[in-house]
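Take a look at the structure set out below.
The shown structure was predicted, so the numbers you read here are calculated from the model rather than taken from an experiment. The chains referred to below are lettered A, B, ... by the order of the sequence lines, with proteins before strands, and numbering in each begins at 1.
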Amino acid sequence: MPKLEPAFYLEKNVLKVAKALLGKVLVTEIEGVRTSGRIVETEAYNGAADRASHAFNNRRTQRTEIMFGEGGAAYVYLCYGIHHLFNVVTNLQEVPHAVLVRGLEPLEGIPDMLHRTGKQRVDYTLTAGPGSLSRALGISTALTGQSLLGSRIWIEDAPAIPPKDIVAGTRVGVAYAMEDAYLPYRFWIRGNKWVSKGKGLVR
DNA sequence: CCGTCGATCTCCT
DNA sequence: GGAGATCGACGGG
């Protein structure tokens, strides 16, 4: 399937993009090794208005600067000093929206994913969870700022997931975000085994 | 099954 | 100095 068009990433409603990304295929080609997976779980980060976002209140740092660029780039940052978390930058320039990819169903290059992660067998721990899927696909902070229309990391089109098969819940690990921690900004494909086990706040 | 803890970057106070 | 968009190892029940 073809790469998603630039217009896909310019959508101004980040919740729409987070849902539309479900079912699409994330592909990396790192040093000649191609690996891919179907996106089954996402979280929307609503920029300046969102206390859970790194760009809350339009906070600009060297790390977050890429989110202020035009939609269609990768924002990869180091979490807890160890894990490389991959986000899709969306919306127009100066609007720092992003979608975190939290779960993938592995498709191409599974032996390479096993090699990268040191795992013996394929199970949900290979690509469920944002840190795990980055390791499997070879995504690191070296890719932050890369265009998703380029040749190292991109997203391919696939049929949309019907709304009845999309579940919404609260985001994981954002308790610090006060009232925004309760927003239903996490989306996943109902019943899919590659969704991470992380739990958001419940009220 | 569950809770705790270490790893060790980036940014804030 | 402390917390964080996480994960896996370990110990107890």
- Watson-Crick or G-U pairs under 3.5 Å in DNA chain B, rendered as dot-bracket with [ ] for crossing pairs and | for another strand: |||||||.||||.
- State whether A/W188 and A/R186 meet the cation-pi test: NZ (Lys) or CZ (Arg) under 6.0 Å from the six-membered ring centroid, and within 45° of the perpendicular axis. yes
- Note on the structure: Between CG of A/L126 and C1' of C/dG8 the distance, given in whole Å, is 15 Å
- Rounded distance in Å - CG (A/N87) to C1' (C/dT6): 14 Å
- Item | Salt bridge present between A/D50 and A/R171 (N-O < 4.0 angstrom) | yes
- Of all the nucleotides listed (C/dG4, C/dC7, B/dC9), which has the minimum atom distance to the side chain of A/Y80? C/dG4
- Item | Greater than 12 external heavy atoms within 6.0 Å of A/E5's CD | no
- Assign A/G131 to base, sugar-phosphate, or nothing according to its heavy-atom contacts below 4.0 angstrom with the strands shown. sugar-phosphate
- With heavy atoms under 4.0 Å as the rule, sort A/S132 into base, sugar-phosphate or nothing. sugar-phosphate
- Please step through side chain to side chain contact (heavy atoms under 4.5 Å, CB included) for the pair A/F86 and A/L26, ending with a clear verdict. CA-CA 11 Å; A/F86 167 72; A/L26 176 63; 3.8 Å; yes
- Item | Check ion pair A/E156-A/R34 (N to O, under 4.0 angstrom) | yes
- Query: Rounded to whole angstrom units, what separation is found between the CZ atom of A/F86 and the P atom of C/dT6?
  - Reply: 16 Å
- Gap in Å between the two C1' atoms, one belonging to B/dT10 and one to C/dG8, rounded: 23 Å
- Task: Give me the one residue out of A/T127, A/L107, A/V33, A/L104 that meets side-chain contact (heavy atoms from CB on, under 4.5 Å) with A/M113.
- Result: A/T127
- Query: What is the nucleic acid contact for A/I82, judged by heavy atoms within less than 4.0 Å: base, sugar-phosphate only, or nothing?
  - Reply: base
- Query: According to a strict under-4.0 Å criterion, is A/R135 in side-chain N/O contact with OP1 or OP2 of C/dT6?
  - Reply: no
- Message: Could you tell me how far apart A/Y124 (OH) and C/dG8 (C1') are, to the nearest whole angstrom?
- Response: 11 Å
- Message: In whole Å, I'd like the distance from the CG atom of A/L201 to the P atom of C/dG4.
- Response: 12 Å
- Query: Does the separation of the ring centres of A/Y77 and A/H54 fall below 6.0 angstrom?
  - Reply: yes
- Could you state the NZ-C1' distance from A/K199 to B/dC2, rounded to the nearest angstrom? 14 Å
- Query: Rounded to the Å, how far apart are A/Y77 OH and C/dA3 P?
  - Reply: 17 Å
- Query: How long is the line joining CG of A/L85 and C1' of B/dA7, in whole Å?
  - Reply: 15 Å
- Message: What residues from residues 36-73 of chain A pass a heavy-atom cutoff of under 4.0 Å to DNA chain B?
- Response: A/R59, A/T61, A/R63
- Does a side-chain N or O from A/K119 land closer than 4.0 Å to OP1 or OP2 of C/dG8, or not? yes
- Item | Min side-chain heavy-atom separation A/Y75-A/R63 under 4.5 Å | yes
- Item | A/K3 to A/F8 six-membered ring, cation-pi geometry met (6.0 Å, 45°) | no
- Do A/I153 and A/V76 have side chains that get closer than 4.5 Å, going by heavy atoms? no
